[in-house]
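Letters A, B, ... are given to chains in the order of the sequence lines, protein chains preceding strands, and every chain is numbered from 1.
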Number of protein chains: 2
Amino acid sequence: MSELNPIHILLVDDHFIVRSGLVASLELEDDLRIVAEAECGEEVASLYQTHNPDLVLMDLQLPGINGIETTASLSREFTAAKVLMFSTFARDDEINAALEAGALGYLQKSAERDELVTAIRAVATGNIYLADDLAERLRDLRSGPNITTREREILALIARGKANKEIAEALGIAEDTVKRHASNVFQKFGVNDRAGATSEAIRRGIVKIEP
Amino acid sequence: MSELNPIHILLVDDHFIVRSGLVASLELEDDLRIVAEAECGEEVASLYQTHNPDLVLMDLQLPGINGIETTASLSREFTAAKVLMFSTFARDDEINAALEAGALGYLQKSAERDELVTAIRAVATGNIYLADDLAERLRDLRSGPNITTREREILALIARGKANKEIAEALGIAEDTVKRHASNVFQKFGVNDRAGATSEAIRRGIVKIEP
DNA sequence: CACGGACTCCCCCAAAAGAGGGGGGCAGAG
DNA sequence: CTCTGCCCCCCTCTTTTGGGGGAGTCCGTG
């Protein structure tokens, strides 16, 4: 809280624009000090060790190992690490994954400066920070239907246009079983065909889409 | 190029972090001057009129009217407006839409500072700026399969899990016609079922996904 | 005007999908 | 130990899908 004991921050973001924006904004607060910057997840561990920051402000979208994985491995290595995740989006599954990986807070990049500073101070002192609306959505997610790992696998293949028979062969199970899983997913999603399930899966971030 | 004739920039971005980052970075260049900032598309027109900037640096993702629509209406009103679109992603369809809306350049936020400055100078003097890889992808897109409006409509309904019969009723056409359109789309996409088509459509940005 | 593209509809048909109904095994939690 | 959730398999059934053929209109461009 005072200049005598500033919050040391390790910044992790691959966009220089964002880094310079954060540096410019945060250095206006005399209790915040950015002591190191990383451009990718790979650099984080060693920078953490040398600078021992009070808080890691981490972008979720990072090239290579992403913010979630970085957070997870950082938390494993340094259990005291306090991570505030910082993302362009507020996707339910990402928030969930970030918190499970050990992040203490999740903030959208659209957040105002005040909120950012509040979140930093909260997380640096070991509190959990989540904006109201995010907290609400997270509750919905946790109470919502949970898709099993097997169902995820089938879903991923369905979204890639695979037929039940192909999926069965790929997974080494009977086609009937694939249909069974698919039906269960449809029910959980409240849809009634694979196209609808595909949309849902992509929307919920269960299935990633890439070229 | 000189301090006597700096490039006046209107910045449009809803994220204060990005704005302050850009201000911090660009003011290091003495031929660049940010003369105004807008947080949303609605503010752009009047700010443009009062400041008459040489360049508008516009974020594509804006709340309310997005960067593309804003660019389109700005270009209509002020034909001399030079817009450099600035986006987190490099989605083919967005690049295409941005250029069609009248933007002279498209830059990813992951761009380095050098590239940003280069792009700004290029666009401010009326040139078109597109990174190599983006230009290449754009060519692919233009030469690639073009989906007709009717096909888009059908695609959107397919992605929402509608059956052919439902789509036919919704559009007031025969189910056979829906199937015909669907088949054509499958062929154009190189997929063989509606789930695959849904993925493709979402990936290409033809179908939007929202809660 | 002729041509191509978009849109429309018709027919047929094999294959797949989706919704039921069974049942069994195996883990972890209570 | 029982119960629950996940995973697996088999069956039947109806509906949907997707591919093939052919064929008409309308519209804009060359």
Could you tell me whether R180(B) contacts a base, only the sugar-phosphate backbone, or nothing, with contacts defined as non-hydrogen atoms closer than 4.0 Å? base

Phosphate oxygens OP1/OP2 of dC7(D): is one of them under 4.0 Å from a side-chain N or O of T148(A)? yes

Does any part of the side chain of D59(B), heavy atoms only, come nearer than 4.5 Å to the side chain of N66(B), both counted from C-beta? no

Output yes when at least one side-chain N/O atom of N164(B) is less than 4.0 Å from OP1 or OP2 of dT16(D), else no. no

Would you indicate what T177(B) reaches in the nucleic acid, counting non-hydrogen atoms under 4.0 angstrom: base, sugar-phosphate, or nothing? base

A163(A) has its side chain closest, among dA19(C), dG19(D), dA16(C), to dA16(C)

Nearest of dG18(C), dT17(D), dC10(D) to any side-chain atom of S183(A)? dG18(C)

Does a side-chain N or O of K179(B) approach OP1 or OP2 of dG19(D) to a distance below 4.0 Å, or not? no

Would you say the side chain of P63(A) lies within less than 4.5 Å of the side chain of D14(A), judging by non-hydrogen atoms? yes

Of the candidates dG18(C), dG18(D), dA17(C), the side chain of E175(A) sits closest to dA17(C)

Crowding at CD, E166(A) (>12 non-hydrogen neighbours, <6.0 Å): yes

Are any protein N/O atoms closer than 3.5 Å to N/O atoms in nucleotides 25-27 of chain D? If there are, list each pair with its distance.
none

Flag the pair F86(A) / V12(A) as yes when at least one side-chain heavy-atom distance between them is below 4.5 Å, and no otherwise. no

Greater than 12 external heavy atoms within 6.0 Å of Q187(B)'s CD: no

Compare the minimum distances between each of dC8(D), dA17(C), dG19(D) and the side chain of H181(A), then state the nucleotide with the smallest one. dC8(D)

Is there a salt bridge (charged side-chain N to carboxylate O under 4.0 Å, His left out) between K165(B) and E175(B) once you walk through the steps? CA-CA 5 Å; K165(B) 199 192 289 183; E175(B) 190 184 339; 5.7 Å; no

